[in-house]
Amino acid sequence: MARRLRREWLPLGLFLALALVPVLAPLGPQSFILSLMTRIVVVALAALSLDLLIGKGGLVSFGHAACLGIGAYAVGILSAEGVTDGGAHLAVAIAAAAFFALATGAVAMRTDGVHFIMITLAFGQMLYFLATALSAYGGDDGITLPGRSTVLGRDVLASDTVLYLAALGALLAAYLLLRRIAASRFGRVLEGARDNPVRMEAIGFRPFRFRLAAYLISAMIAAVAGVLLANQTGFVSPATMAWQRSGELIFIVVLGGLGSLHGAILGAIAFILAEELLSHWSEHWRIVFGPLLILAVLFARGGLAGLLTKGARP
Amino acid sequence: QDKIKVGLILTLSGPAAALGQQARAAFEMALKDLGGKLGGREVELVVADDELKPDVAVTKVKGLIDRDKVDVVVGPTFSNILGAIAKPVTDAKVFLISPNAGPSPLAGKGCSPFFFATSYQNDQVHQVSGKVAQSRGYKTLYLLAPNYQAGKDAIAGVKRDYKGQIVEESYVPLNTLDFQSELAKIAAAKPDAVFTFMPGGMGVNLIKQYKQAGLADRIPLLSSFTVDESTLPAQGDAALGMFAGSNWAPDLDNPQNKAFVAAYVAQQKAVPATYAFQAYDAALLLDGALKATGGKTDDKEALRAAFLKADFTSLRGAFKFSRNGFPVQDFYLTKVGKRPDGKLETQIVEKVFSDYVDSYLPECSIK
Amino acid sequence: MSSTLLLIQILNGLQFGVILFLIAAGLTLVFGVMDFINLAHGVQYMVGAYLTAAFAAATGSFWLGLALALPAALLIGLALELLVFRHLYERSHLDQVLATFGVIIFLGEAVRMVWGSAPIGVEMPEALSGSIEIAPGLLYPVWRLVIIAAGLGVGIGLYLTVHHTRIGMLMRAGASNAPMVSALGVDIRLLFTLVFGFGAMLAGFAGAMVAPILSVEPGMGDGILILAFVVIVIGGIGSIRGAFVAALLIGLVDTLGRFLAPMLLRLLLDPAAASQTGRALAPMLVYILMAVTLFVRPAGLFPARR
Amino acid sequence: MTALLRVEGLSKSYGALRVTDGLSLSVEPGELHAVIGPNGAGKTTLIHQISGMTPPDAGRILFAGEDVTGRSMAGRALAGLARSFQITSILPRFSALQNVALAVQARSGSSFRFLSPVDGEAALTGPARDLLARFGLAERAEMPAGALSHGEKRQLELAIALATAPKLLLLDEPLAGTSHAESARIVEILRGLTGSVAILLVEHDMEAVFALADRVSVLVYGRVIATGAPEAIRSNPEVRAAYLGEEAA
Amino acid sequence: MSAPLLEIEALEASYGPAQVLFGIGFSVGAGEVVALLGRNGMGKTTTIRSIMGLHRDCRGRIAFDGRVVLGSPPFRIGQAGIGYVPEGRQVFPTLTVEENLVATAAIRAGRDRWRLPEVYALFPRLAERRRNLGTQLSGGEQQMLAVGRALMTNPKLLILDEATEGLAPLVRAEIWAVLRRLRAEGQSILVVDKNVDILTELADRHVVIEKGRVVWTGTSAELRTSPEVKDRHLHI
Ligand SMILES: Nc1ncnc2c1ncn2[C@@H]1O[C@H](COP(=O)(O)OP(=O)(O)OP(=O)(O)O)[C@@H](O)[C@H]1O
Ligand SMILES: Nc1ncnc2c1ncn2[C@@H]1O[C@H](COP(=O)(O)OP(=O)(O)OP(=O)(O)O)[C@@H](O)[C@H]1O
Ligand SMILES: [Mg+2]
Ligand SMILES: [Mg+2]
C-alpha cells in the first residue's frame, strides 16, 4: 500500500487539488477561477484522450481538435435548433465523433508515422473548412449559445461550480477508464503494435483493428470534452478545430509526459497556467514561453510527469 | 473617489496583432490627452490579449470582470471574438464598447443595452463601394473576397446598392498567397471595376500583384479593409490610387483629427488607421458619458443614457448612436495618396452616405 | 471560357507550385533527407523575408539586402543548431516537434518585437519589375520567372547534392544511423550542423525571393509550414524529385480546382448550390489531394528508397 | 497422409531478380525440414511468403489442407503458422516476459478485453515464464527486451515464436548470434519438438542442420536444386560446390 | 617490444544503474590477432562499443596507438584507425550497396589496401547487387557489406563483432581466409565470434570474458590444451 501510494501520489495529488478548486474559488475572483479551471480540465480531458492514441498507440493524430469541434458543434447546432438537453448533446456528440472516427480512421490507419500525422491533419482540416462553410450556424464567425445545456430540463449547469464539477467528473471517469484500458489485454496489444507492428502480425494480431478501436474511444472522449468546452465558452466556432489547436493538444501530451495519462492532465495545467500567468505579465510573454518549452524538452525527459516522479520510481 | 477600471481586450499577439496594437496605442494616447482621467476619475487600465482564440477570450474577459473588477470593457478587434465575449460581458451587466468589430447579430436580433460600437456595422463599409460603383455607372463589377463569413458579408454588402452586372463573385481561400490566377481571370473578364475585401497580409499580396500584373492602371479597384494605414507601408506605391470605403480618413478636416493624426505620427512613426481612431473615440466616449454621470458607474440606466447621448467631440465630427448602440454617421470614399512627408494614407474623395443608419436596427428590440 | 485562360491558369498553377517547392526545399533537406521534424522552418522562412526587407531598406538595394540576409539566416540556423537542434537528433519526432515549436514561438515573438506587427514591404529590383510577353497577348511578370528559375535551380542543386555527392550519402547515412557513421570516422555532428545551417539558409532564401510579391508579416510562415509538409508527404518523404512533382501538383490542383470546380459543379447542381459547394470544397482541395494520395499510396507518390 | 505445408510453383521477383523461381516444397506433420543455401538464395524470402509477409507473384501455399495464399499474416499465425525473424524482431520496451506473454495472449481468447489487467492473468504469464526458463532467460524475465544482449534477443525471438503454440514453425537462422553453449540448448529444444511440431528450418550452422533434420532441401537462386536425407545432401557434389565447401567434410 | 596498439585497463561499464563490465583489461599488439570469447550476454559487445566511444557510460583507460581515446567522440577513434564491423550489421538502409561502401571510405596514413575493386573481388555477390539498397539485401549479404565497409576505411586495427553471423559456410570460410591473409600482411585484428575452433587457428591470443570480467587469457596453443577453459567458460 505504501509503495503504491508512492507511485500514485502524483495522480492522487492532482485530482485532490482539482477537487479543492470549487472550495477555494470563492476566496478569489470565483467566476474567473472557475472559468479558467474548467477550461484546463476540459483541455486535460481532450489531451488525456489523445494520450491513449499517442502514448499508447504511437498514433500521433494531428486532427484531434476536430473531435473537440464535433462535440462543440453538437451543442451549438442542437441549441440553435432549440434542443437544449445535455443528454441529447452528449449522445449526438459521441455518435458523430464515433462516425467521424470510423470513417476517417479506416483510411488513416493504412498509414503510419508522419503519414498518419498528415492524413489526420487532412481530415481535421476538411472538417474545419466544413464548419466555416456552415453559414446557417455563423460560418467562421461561429454562434453564441443561448445558454448552457440543460439536464432533465433543469438549468443546473448554469452554475459555474456545477459545470466545473461536471467537467472534473468527466475527467476522473475518463482517467480511470483509460488506465484500465491501458493495463488490459487490449492496451497491451495497442502498445505492442506501436513498437513493432510486424511482430504483432506475426504472432496473430491485426494492429488495424486495435488501432481503430483506440481511435474510436479517443474520439468519443474528445467529443465529450467538446460538449463541455462549448458550455464553458458559451460560444462555438471553427477556431476550436483549427490545426493549431490540434498541435497544442499534442504539445500538452508530450510536455506532460507521453503515455502516463496523468501526464496529459499535468501538461494541460502547466501549459494553460503558464500561458495565463505569462500573458498577464507581459504582452511579449511568448519570448519567455518559447524557451521554456525548449528547456522542458531538453531537460525533462519523460515530460513533467517523468520529472516529478523520477525519485519515486522503484 | 477611487480609480475607474477599464479593461481593454484586443488581439495583441500572433499574426493578426497589428490592428490591436494600433487600437491600444491610440486608446492610451487618448487617456494621456485626457490627463489620465475619464469623467474626472483616475483611470486604471487593464490590458488583455485574446490571442484571437474565442475560448481564451472568454476566460480573459471573465478575469477582467471578476478578478480585476473592471467597470467597463473596451474591445475586441475581431468579430468572431466579439461573438464569444459579448454575452459573458453583457450578462454580467458590464458595458462593452467595441472599437472595431460590428457584426450584424449585435446590431439586430442580438442587440444589447450594454453594447456600444464606436466603429460601424460591418456591412456599411462595403455598401460604400457598391453605392459608388452604382453612381459612377460601372456596368460590370468583379467581386473578390476570401472564403469566410466576413468575405460573404462583404459581397452581400456591395450588392445591396449595386444594380449593374456582377461578372464574377470569386472567393479565394483564407490566407491566399498568390493571386495570379485571380488576376488572370480579372484580366480576361475585363470588368469596369473590381471590388475586393482582402484584409491583412492578403490585401498586401493582392495589391502588389494587382499592380505587377499591370491591372492597376486599367481597372479601378474599390475595396474595404484592403488598403488602409496598417497595410499601406507594406503595399507601398503599388497601392496608390486604390479606392476604399470608410467612416474616417487621416485627412478628415477638423482640428481634433488633425491634432490626433499629427500626435500619432509623431509618437508611433506611422499613420493611424481607423482602428486607432475608433479606439481613441472609445476613450472620448467613455469620458463624455462619465462626465455626465459625475463619474458614477453604478446606475446602469443613467450610464446607458449618457453613452447614448454621445456627448463628446468625435474625431469624425458629429455623430449619434442608434438605440442598438451603433453610430449614425457619414461614410466616405477614400483613395490612397501621399502625405507631404512621403508616407501613404487614405484620403477622402467624396462623401457617399450622410447620417447613415445600419439596416439591422429594425430587428433590435431595445426601446 | 477561353482556352487561353485555361492555359494561363495552368501556367499559374505550375508557377505557384514552383514557389511552393522553393519554400519547401529547405524542409525537404532537413525533414525529408535528415528525418528531423523542424517546425521552425516556417519562421526561418519568415526571418529570411524580414532580414531581406531590413537589409534592403538599409542599403537601398534588393540584391545587397539578399546578399546580407543569406549569411545572417545561415548564422541564425547555425546558432539554433548549436543551442537546440543538436540535442534532439536522437530524440523522438515528438520531442523535436515540441522543441521546434518552442523555437517558433520565440522567433515569432522576437520578430514582432523588432519589426512590429504590421506587414512591411520589400521593393522589387527595378530591372525585374516589369512584365514580358511570353506568348502573343500573354504578359507575365518577370519576377515570377526569376522565382521559377530560382526554384528549379535549388531543386536541381539539392537533388545533385543529396544523391550524387559523398556529402549527400553521409547525410542520408547519418539520418538513419548517426553513431555508426561516426564510428566509421566521419564527424557527423559537424556535417549535421552545416546541413541545418544550410537548410535555414534555403528557408531564408525562399523568404527573400517571395518578399517582393508577398507581404512580409508575422505569421507568414505558419500556413506555409503546413503546406510545405503536405508537399513533402505527398511527394514521398526523402524524395526531392517527389517533392518537386508534388509541389507542382498542388499548385495545379489548387489553382485549377478553384477555377474549374464551380464550373463542373454547375453541370450537376443549380448555380447557387454549385457555387456554395464549390466554395466549401476549394480550401479542402489540397487536403483531399493529400488524403487520396496517401490512401492510394500510403508512402506518397515517390516513396524514397529507404 | 497429406503434407502439413505444401508450396507449389512459388515465384517472386524484385525487378529483374528472380528471388523465388517456381519453387515447390512440402513439410510433413512433425517433420523437421531444413532449407539451406547460399546467402541471397531466397530462403528468407521463402519464409516471408509462407508466413504472409510478402505476397508471392505466383504459386500457391497450402497449409493443413487449406489454400492460405491470400490470407493475412495474422490469419496464418492464428491458424498455427509461427515464424522467427532472421533480423531480430521483438518489442524492445516490453519486458522479456511481456514479449512472450503477448504471444500466448494471441492464441488464448479475444484481446478485445478492456477492463481487466493483463498482468494479472496467470494463464498468460505462467506459460511465458516456463518458456523463458527453458531458454535460460528466467533471470532476464523482467528486463526490457531491448536491454538484452544480442544472443539473448535471438533466444527471446525463438521463445516468442514457440509461445504461439504453432503447428508449423518457420525458423530463420535461430542459431545465428548465439554462442556455443546456447546453440546446444536450442538444438535440444528443437529436438524435443520434433514429432509434435513440424519445423521448416533455415540455418547456416551445418552441424545443427545435419543433427536435426529429417530432410534437407538446398536452395540456390530461388530454386530447389536438391532435396533428400541429410547424408545424401552432405555428399552431393553440386551442393558442396555451391554451398558447403570443405567445411562439412 | 613497442607499446601495444590497443590497450585496455580496468574498464568498467554500466547501463544506467546496472554495471556490466567490472575491470576488463587486455591489449592487442601491432600485427596481432586477438579473439574475445564468452557466452551470450557476458559483455563482449559492450567492451567493443566502449572502445569505439559508442558506449559512453564507462570508466577506466583505453589507449589506441599510444593515445588515450576513452572519452573521445567515435569519429576521432575511427579516424585514428579502427575499422569496426558492428554486431547486427547496421548497414545504412537508405544507401545503395556501393554508397554504403564509398560513403565512409578513407585512405588513412597512406594505407590503401582496400578500394572498391578489392572489396568486390572479395565479395562478388556485393558487386552483383551494387545498386540495391542496404535493406534489400539478404542477411548474409548485409554482413558482407558491413565487413567490406569497415575494410574500406583501411584501418590499422580491425574489430569484428560476430562478423560471420548468418554467413553461408563457403562465405564464412572465405572471410576466415581473408583474415588469415590480412594477418599475414600484418593487420591487427580484434575479433568476436562463436567459432572457437577456427579462432584457435587464426588468433594469436584469446581473452575469455564472463559476467564482465576477464577470466582467462592465453595463446591459442594454451587454449587448445585447456579443456577446462572451454568447458567451464565456453561450454564446449
Ligand atoms: N525488397 C527487395 N528488393 C530487392 N531485392 C530484394 C528485396 N528483398 C530481398 N531481395 C534480394 O533477394 C535475394 C534473396 O534474399 P533473401 O533474404 O531471401 O536471401 P537468403 O537466402 O535469406 O540469404 P541469407 O542466407 O543471406 O539470409 C537477395 O539477393 C536480396 O538482395
Ligand atoms: N541497452 C542496454 N541496457 C541495459 N543492459 C544492457 C543493454 N545492452 C546490453 N545490456 C546488458 O549488458 C550485458 C552485456 O551485454 P553485451 O551485449 O555486451 O554482451 P555480449 O557478450 O556481446 O553478448 P552476445 O554474445 O549475446 O552478443 C548483458 O547482460 C545485457 O543484458
Ligand atoms: Mg535470410
Ligand atoms: Mg555481442
Side-chain angles (χ1 to χ4, degrees), chain A residues 54-55 58 60 62-63 104 106-135 139 243-244 247-248 250-255 258 267 282-299 301 303, chain C residues 31-32 35 37 39-40 43 80 83-84 87-88 91-110 112-113 222-223 225-226 229-230 232-234 236-237 276-277 279-300 303:
Chain A
I54 302 184
V60 184
F62 200 177
T104 66
V107 177
M109 295 301 162
R110 283 171 56 90
T111 62
D112 56 8
V114 175
H115 297 105
F116 182 81
I117 300 184
M118 297 305 287
I119 203 165
T120 46
L121 167 75
F123 287 124
Q125 288 292 90
M126 287 181 209
L127 209 64
Y128 171 83
F129 287 120
L130 187 68
T132 62
L134 284 180
S135 294
W243 65 265
Q244 287 92 338
E248 237 170 65
I250 299 178
F251 302 131
I252 287 174
V253 172
V254 181
L255 182 71
L258 223 49
S282 157
E283 142 206 355
H284 293 298
W285 58 280
R286 284 186 170 86
I287 207 89
V288 181
F289 191 58
L292 272 184
L293 281 186
I294 299 175
L295 291 177
V297 183
L298 294 187
F299 295 105
R301 291 213 182 197
Chain C
F31 168 58
D35 198 30
I37 298 201
L39 293 190
V43 286
L80 280 179
L83 288 173
V84 184
H87 308 290
L88 297 168
R91 300 290 202 82
S92 69
H93 276 161
L94 279 178
D95 281 349
Q96 296 168 356
V97 164
L98 187 55
T100 54
F101 179 63
V103 175
I104 295 189
I105 294 181
F106 175 79
L107 276 186
E109 192 61 39
R112 259 172 25 88
M113 287 171 77
D222 294 0
L225 173 74
I226 292 294
F229 271 103
V230 172
I232 293 176
V233 166
I234 290 187
I237 296 167
Q276 177 83 15
T277 322
R279 257 182 282 152
L281 271 179
M284 293 187 206
L285 276 177
V286 169
Y287 296 100
I288 294 177
L289 177 67
M290 176 162 74
V292 170
T293 308
L294 290 182
F295 182 73
V296 182
R297 307 193 55 144

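Predicted model, so just to flag it, every value in this text is computed and none were measured. Letters A, B, ... are given to chains in the order of the sequence lines, protein chains preceding strands, and every chain is numbered from 1.
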Point-to-point distance, once rounded to the nearest 0.5 Å, from [atom1] of [X] to [atom2] of [Y]:
{"X": "A:Ile287", "Y": "C:Leu107", "atom1": "CD1", "atom2": "CG", "answer": "8.0 Å"}
{"X": "A:Met126", "Y": "C:Ile288", "atom1": "CE", "atom2": "CD1", "answer": "5.0 Å"}
{"X": "A:Leu298", "Y": "C:Leu98", "atom1": "CG", "atom2": "CG", "answer": "9.5 Å"}
{"X": "A:Gln244", "Y": "C:Phe101", "atom1": "CD", "atom2": "CZ", "answer": "8.5 Å"}
{"X": "A:Phe123", "Y": "C:Met290", "atom1": "CZ", "atom2": "CE", "answer": "9.0 Å"}
{"X": "C:Arg297", "Y": "A:Thr111", "atom1": "CZ", "atom2": "OG1", "answer": "14.5 Å"}

Using non-hydrogen atoms and a 4.5 Å limit, figure out which bit of [X] sits close to chain C: side chain, backbone, both or neither.
{"X": "A:Leu258", "answer": "side chain"}
{"X": "A:Ile54", "answer": "side chain"}
{"X": "A:Tyr128", "answer": "neither"}
{"X": "A:Leu292", "answer": "neither"}
{"X": "A:Val60", "answer": "side chain"}
{"X": "A:Trp243", "answer": "side chain"}

Let me know if [X] has heavy atoms under 4.5 Å from chain A in its side chain, its backbone, both or neither.
{"X": "C:Val296", "result": "backbone"}
{"X": "C:Leu39", "result": "side chain"}
{"X": "C:Val286", "result": "neither"}
{"X": "C:Ile37", "result": "side chain"}
{"X": "C:Leu88", "result": "side chain"}

Choice from [options] maximising heavy atom contacts with chain A below 4.5 Å:
{"options": "C:Ile226, C:Thr293, C:Asp222", "answer": "C:Ile226"}
{"options": "C:His87, C:Arg91, C:Met113", "answer": "C:Arg91"}
{"options": "C:Ala299, C:Ala110, C:Gly108", "answer": "C:Ala299"}

Practice problem: Start with the C-alpha gap between C:His93 and A:Ile117, add the side-chain angles, then the distance that decides, and say whether side chain to side chain contact (heavy atoms under 4.5 Å, CB included) holds. | Solution: CA-CA 11 Å; C:His93 276 161; A:Ile117 300 184; over 6 Å; no

Quiz item: Can you check side chain to side chain contact (heavy atoms under 4.5 Å, CB included) on A:Phe251 and C:Val97, steps first, answer last?
Solution: CA-CA 8 Å; A:Phe251 302 131; C:Val97 164; 3.3 Å; yes

Practice problem: Mind listing the closest non-hydrogen atom pair of A:Met118 and C:Val233 along with its distance? | Solution: CG-CG2, 3.3 Å

Quiz item: Pick one: which of C:Ile105, C:Thr100, C:Ile104, C:Val103 meets side chain to side chain contact (heavy atoms under 4.5 Å, CB included) with A:Leu293?
Solution: C:Ile105

Exercise. Show your reasoning for whether side chain to side chain contact (heavy atoms under 4.5 Å, CB included) applies to A:Val114 and C:Ile237.
Key: CA-CA 9 Å; A:Val114 175; C:Ile237 296 167; 3.9 Å; yes

Quiz item: Any idea how C:Tyr287 and A:Phe129 line up, ring-wise: parallel (<30°), tilted (30 to 60°), or perpendicular (>60°)?
Solution: tilted

Quiz item: So which of A:Leu121, A:Leu295, A:Ile119, A:Ile294 has the biggest tally of heavy-atom pairs under 4.5 Å with chain C?
Solution: A:Ile294

